[in-house]
Engineer: 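Sending over a structure as structure tokens; questions will come in a sec.
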Protein chains: 2
Amino acid sequence: MRDLEDFNDTNLQPGLSVDCVLFGFDNNELKILLLKLKSIEKWALPGGFVNVDKDVNAEAHAVLKNRIGLENVFLKQFYLFGNLERNLNTHTPELIKNGIISTKRIAFFKQRFITVGYYALVEYSKVKETTVDFISEACEWHSIHNLPKMIIDHKEIILKAHQTLKKELNTEPIGLNLLPKQFTMPELQALYETVLEKKLDRRNFSRKMLNYNILKDTNKRRMGVKHKAPILYEFDMENYNQAIKNGFNSIW
Amino acid sequence: MRDLEDFNDTNLQPGLSVDCVLFGFDNNELKILLLKLKSIEKWALPGGFVNVDKDVNAEAHAVLKNRIGLENVFLKQFYLFGNLERNLNTHTPELIKNGIISTKRIAFFKQRFITVGYYALVEYSKVKETTVDFISEACEWHSIHNLPKMIIDHKEIILKAHQTLKKELNTEPIGLNLLPKQFTMPELQALYETVLEKKLDRRNFSRKMLNYNILKDTNKRRMGVKHKAPILYEFDMENYNQAIKNGFNSIW
DNA sequence: TTATATTTGTGTCATATTAACACAATGAAA
DNA sequence: TTTCATTGTGTTAATATGACACAAATATAA
């Protein structure tokens with residue numbers, strides 16, 4: 001969708017949207033990709049509407065592809081936000097005044113929107129384009145600890161996504177898509193510490209990770225560091241996918 | 001909603017429904033509460049539509065209250081089913097012929113329905129009424145291993161709910177609502193074994209459960225059994241709720 | 001060339017948890 | 001009072017965890 005003329009709500013599932021919390025990892029910070037809305041001084045999660053003849057999960061993937069230019073990312077439904085306050089009522093006057101939405105579509109935008117929350121883990125460096133479209137004017141990463149003003153409940157959605165990610169770290173590995181193809185043990189640990197917001201013991205972390213058997217030693221080391229060169233690892237994709245599928249640390 | 005005349009789709013979120021997988025535990029079997037649809041030889045999960053001015057989670061609770069007569073149950077969203085094949089196309093002719101839906105509403109029923117899946121844990125004995133309404137003629141428990149023919153993807157929804165429950169058993173206790181107020185350790189173990197579909201060691205199970213500190217010894221024993229009288233336990237509600245809230249067996 | 005600072009890789013040890021197993025106690029029925 | 005099924009609890013070996021310390025590598029400073 002490039003501009004307003006292309007926008008037509010007749011094929012859209014009324015009152016339903018998808019919103020994607022994109023987690024990136026940079027500079028030992030967990031970051032979220034946000035869009036700055038035109039004519040509203042607030043930011044929003046990348047999201048979209050659901051076509052009546054499109055699979056909902058496919059629409060979430062389409063958001064990432066069309067608005068951010070990302071394909072094949074790890075994307076997962078985590079919650080449906082369906083409370084009554086979810087609408088753009090307070091913003092519709094500005095949106096209409098600035099020609100972002102047409103008066104014909106006003107009812108569509110004023111209704112309560114139920115949104116399906118997805119989270120995705122993406123390699124920070126892969127998102128370069130600051131795509132703009134008919135409703136957003138900028139696309140930037142923001143530290144999860146320093147979020148700008150956001151529309152409706154998008155801050156809560158991010159919070160819930162983060163809680164979900166933390167919890168899932170107990171039963172599933174992460175790192176793929178968040179880290180470059182090859183990475184060191186300290187880098188992997190920094191990712192875990194950032195997501196979990198706590199320090200972990202270096203030696204115990206390494207032992208535990210290696211025991212999961214999802215890492216492959218590439219027999220290379222990261223060069224050009226001003227201290228002992230750390231081993232470069234890759235994920236063993238077969239075992240990694242197995243772990244994603246079956247989970248680990250199951251107690252029963 | 002007692003009959004067809006009361007049914008009006010103008011206030012309903014089009015193409016959206018909620019469906020509830022009610023787990024019950026009886027005779028060492030995991031059972032699911034199902035509705036037999038009028039004029040279709042298939043069963044369905046108790047579900048409902050979403051009013052545009054109702055909170056989605058509240059609508060799921062309303063389904064349980066209005067259709068099953070249940071209040072204050074543990075009810076949890078687990079997945080949104082949004083693929084393209086989710087519609088009643090193949091059934092609308094029968095439904096119209098038998099006067100279950102009116103021709104005026106045909107478009108409403110033929111559209112693709114996105115449904116929010118909830119699961120609930122309920123005490124088997126508390127559901128007695130076989131409520132019938134304008135679309136269902138019976139309401140019965142079915143063993144999860146012997147499900148009747150079901151509409152659309154309701155079998156898949158049950159499967160996914162069961163998988164979710166199994167997985168969540170690693171981080172959260174269950175039992176409250178599935179068992180009577182007072183229960184014995186072997187009864188609790190039977191519940192776990194049924195949900196997990198595997199045998200557990202009696203001694204290790206007992207030790208682990210007691211270590212979670214969610215059980216209170218009532219200093220009573222189940223009488224009238226033809227062997228050693230087992231201790232009756234209750235859940236320690238404070239610790240139980242704490243465990244539900246914070247989870248347990250977190251590894252990081 | 002050598003010393004220093006920093007960071008990485010790995011080992012140890014005490015403690016806690018788990019899995020596998022056995023035996024005594026209880027209560028009804030024979 | 002013997003038998004039987006079932007419950008409660010203890011033991012032990014193997015494994016995992018948490019808290020630690022030291023040696024190796026590498027750039028930089030001396």
Engineer: Taking for each residue the nucleotide of DNA chain C bearing the nearest heavy atom, is the 5' side occupied by A:Arg207 or by A:Ala229?
Structural biologist: A:Ala229
Engineer: Can you check the B:Asp201 CG to D:dT12 P distance for me, whole Å?
Structural biologist: 17 Å
Engineer: Atom CG of A:Asn28 to atom P of C:dT7: distance rounded to whole Å?
Structural biologist: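 Interatomic distance, CG of A:Asn28 to P of C:dT7: 12 Å.
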Engineer: Where does the angle between the aromatic ring planes of B:Phe23 and B:Tyr119 fall among parallel (under 30°), tilted (30 to 60°) and perpendicular (over 60°)?
Structural biologist: perpendicular
Engineer: Could you check whether B:Asn249 and B:Tyr212, counting side-chain N and O atoms only, form a donor-acceptor pair closer than 3.5 Å?
Structural biologist: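 The criterion, which ignores hydrogens and geometry beyond distance, is satisfied for B:Asn249 and B:Tyr212.
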Engineer: Within a 6.0 Å radius of atom CD on B:Glu197, are there more than 12 heavy atoms belonging to other residues, nucleotides or ligands?
Structural biologist: yes
Engineer: Once you round it to whole Å, what is the distance between C1' of C:dT8 and CD of A:Gln189?
Structural biologist: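 To the nearest whole Å, that distance equals 11 Å.
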Engineer: Figure out the CZ/P separation between B:Arg202 and C:dA20, and round it to whole Å.
Structural biologist: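 From B:Arg202 CZ to C:dA20 P: 16 Å.
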Engineer: Select base, sugar-phosphate, or nothing to describe what A:Ile231 touches, counting heavy atoms under 4.0 Å on all strands.
Structural biologist: sugar-phosphate
Engineer: How many whole angstroms separate atom CG of A:Leu200 from atom P of D:dT17?
Structural biologist: 13 Å
Engineer: When you match B:His227 and B:Ser206 each to their closest nucleotide on DNA chain D, which lands nearer the 5' end?
Structural biologist: B:His227
Engineer: Where the side chain of B:Arg203 is concerned, which of D:dG10, C:dG9, C:dA19 is the nearest nucleotide?
Structural biologist: D:dG10
Engineer: Select one nucleotide: of D:dG8, C:dT8, D:dA19, the one nearest the side-chain heavy atoms of B:Met185.
Structural biologist: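 Among D:dG8, C:dT8, D:dA19, the one nearest the side chain of B:Met185 is D:dG8.
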Engineer: Taking N and O atoms by type only, does the side chain of A:Asn211 place a donor or acceptor under 3.5 Å from a partner on the base of D:dA16?
Structural biologist: no
Engineer: Under a 3.5 Å threshold, yes or no: a donor from one side chain and an acceptor from the other, between B:Asn83 and B:Arg86?
Structural biologist: no
